[in-house]
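Structure first, commentary second.
Side chains included, hydrogens not; waters and symmetry mates left out as well; all remaining heavy atoms used.
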Amino acid sequence: MLRVISGKYKGKKLIGFDLEGTRPTQDRVKMSVFSMIQEKIPGSTVLDLFAGTGNLGIEAISNGARHVTFVDSSKNAIRVIQKNTEKIQENYVILLEDYQKALDRFSKENHKFDIILLDPPYQMDNLPSILEFLVEKDLLEKSSLVICELEHDHLKDNYGPLVLWKEKKYGYKQVKIYRREEFPQK
């Protein structure tokens, strides 16, 4: 069962645990991640790039995010996110779009985010190129956080001004949190 674990919507049940093509973040992992970034969430703009059920973006809304953009390329996932956000009054947008097209559009429209949640299907193996794109196209506000959920560690400690801030292992799963630093260490 999926549910919101903290904040305004704590206890809200979410559908989509068995949504094909997704592996929703487990409660213990989500709780750990959100406790690490808690102080950065209130008033933030959040991008949930491989949104799946919307589980992570909804948790951010529940904890005070000002705006969340959900992006997924699956029509089924978008329907699940729409259902999961039905009674949520906060500011969010749900986009049925390929992640690359969405990032290109955000770049052209000069969108910037405070928190970016990246939990792509493990077989995609595209986190390094996404991190590089975020930096190259300047999609990050100062002191932004980028949360990466991955199975195999193939990420560097920094991507330009994006510097590894925190990391934690949960069985076969790993979470790496990068923070944009104004003057990255060499």
Side-chain angles (χ1 to χ4, degrees), residues 2-14 24-71 81 84-85 87-94 99 102-103 106 110-120 127 130-135 137-150 153 155-171 173-186:
L2 291 173
R3 63 189 171 90
V4 178
I5 57 169
S6 61
K8 180 178 180 178
Y9 296 104
K10 182 178 180 177
K12 176 181 174 30
K13 292 180 181 165
L14 305 173
T25 302
Q26 300 167 342
D27 281 356
R28 70 182 179 95
V29 176
K30 184 168 58 166
M31 187 178 300
S32 176
V33 167
F34 276 83
S35 70
M36 287 189 272
I37 67 170
Q38 186 62 45
E39 75 226 20
K40 298 280 193 179
I41 299 171
S44 64
T45 56
V46 177
L47 172 60
D48 190 352
L49 191 57
F50 299 89
T53 62
N55 183 22
L56 296 176
I58 292 168
E59 195 71 38
I61 289 171
S62 185
N63 283 280
R66 181 172 47 88
H67 185 272
V68 174
T69 301
F70 297 93
V71 176
I81 295 167
N84 283 336
T85 56
K87 294 182 179 169
I88 291 178
Q89 303 301 312
E90 283 73 13
N91 196 6
Y92 61 88
V93 64
I94 302 169
Y99 80 93
L103 289 175
F106 298 148
N110 202 30
H111 281 293
K112 293 183 188 270
F113 300 94
D114 298 302
I115 298 172
I116 299 179
L117 305 165
L118 299 176
D119 186 11
L127 284 172
I130 293 171
L131 292 168
E132 290 166 1
F133 187 89
L134 295 174
V135 170
K137 298 299 181 176
D138 197 26
L139 293 172
L140 303 165
E141 291 287 359
K142 291 179 182 171
S143 301
S144 290
L145 296 179
V146 180
I147 294 89
C148 303
E149 205 170 305
L150 58 152
D153 187 5
L155 298 178
K156 300 186 296 187
D157 285 349
N158 69 303
Y159 293 85
L162 266 183
V163 177
L164 184 62
W165 181 49
K166 295 183 179 184
E167 64 183 316
K168 192 155 184 182
K169 285 190 174 198
Y170 308 89
K173 186 179 287 196
Q174 185 171 7
V175 172
K176 289 191 169 217
I177 302 176
Y178 290 84
R179 181 173 61 195
R180 180 180 174 181
E181 294 186 357
E182 198 61 32
F183 304 102
Q185 300 160 345
K186 301 268 179 185

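- Listed for the Asp114 side chain is no donor-acceptor partner under 3.5 Å among the backbone atoms of Lys40.
- Side-chain atoms of Tyr92 come within 3.5 Å of backbone N or O of Thr85 as a donor-acceptor pair.
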Show, in sequence, the C-alpha distance, side-chain angles and deciding distance for Ile88 and Lys12, and conclude whether the side-chain contact (heavy atoms from CB on, under 4.5 Å) test is met. CA-CA 10 Å; Ile88 291 178; Lys12 176 181 174 30; 4.2 Å; yes

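- In terms of heavy atoms, Ile81 sits closest to Gly54 at CG1-N, 3.7 Å.
- A donor-acceptor pair under 3.5 Å is formed between the side chain of Ser44 and the backbone N or O of Ile41.
- The structure places CG of Leu56 at 12.0 Å from CG of Leu49, a figure rounded to the nearest 0.5 Å.
- Ring pair Tyr178/Tyr159 is perpendicular by interplanar angle, where above 60° counts as perpendicular and below 30° as parallel.
- By the 4.5 Å heavy-atom criterion applied to side chains, Val175 and Glu149 are counted as neighbours.
- None of Lys169, Glu167, Lys168 except one satisfies the side-chain hydrogen bond (donor to acceptor under 3.5 Å, both in side chains) rule with Gln174; the exception is Glu167.
- A donor-acceptor pair shorter than 3.5 Å can be found between the side chains of Ser6 and Asn63.
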Would Val146 and Phe113 count as a side-chain contact (heavy atoms from CB on, under 4.5 Å) here? Give the steps. CA-CA 9 Å; Val146 180; Phe113 300 94; over 6 Å; no

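- Heavy-atom minimum distance, Leu127 versus Cys148: CD1-CB, 4.1 Å.
- Taken to the nearest 0.5 Å, the CD atom of Glu39 stands 8.5 Å off from the CG atom of Leu145.
- No side-chain donor-acceptor contact under 3.5 Å links Ser144 to the backbone of Ile115.
- Across Leu162 and Arg180, no two heavy atoms sit closer than the pair CD2-N, 3.8 Å.
- Taken to the nearest 0.5 Å, the CG atom of Leu150 stands 10.0 Å off from the NZ atom of Lys173.
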Evaluation steps, side-chain contact (heavy atoms from CB on, under 4.5 Å), between Leu103 and Lys137: CA-CA 9 Å; Leu103 289 175; Lys137 298 299 181 176; over 6 Å; no

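- The residue from Ile58, Val4, Ile94 that alone fulfils the side-chain contact (heavy atoms from CB on, under 4.5 Å) condition with Asn84 is Ile58.
- A pairwise comparison of heavy atoms in Ala60 and Val46 identifies CB-CG2, 4.2 Å as the closest pair.
- At a threshold of 4.5 Å between non-hydrogen side-chain atoms, the residues Glu181 and Pro161 do not count as touching.
- Remark: side-chain polar atoms of Ser32 are not paired, donor with acceptor, to backbone N or O of Val29 under 3.5 angstrom.
- For the residue pair Asn55 and Arg3, the shortest heavy atom distance occurs at OD1-O, 4.2 Å.
- Here NE2 of His111 is found 7.0 Å from OG1 of Thr69. Values are rounded to the nearest 0.5 Å.
- Listed for the Lys112 side chain is no donor-acceptor partner under 3.5 Å among the backbone atoms of Lys142.
- With values rounded to the nearest 0.5 angstrom, Leu155 atom CG is found 9.5 Å from Leu118 atom CG.
- Atom CD of Glu59 sits about 10.0 Å away from atom NZ of Lys10, to the nearest 0.5 Å.
- Closest heavy-atom contact between Gly57 and Asp48: N-OD2, 3.0 Å.
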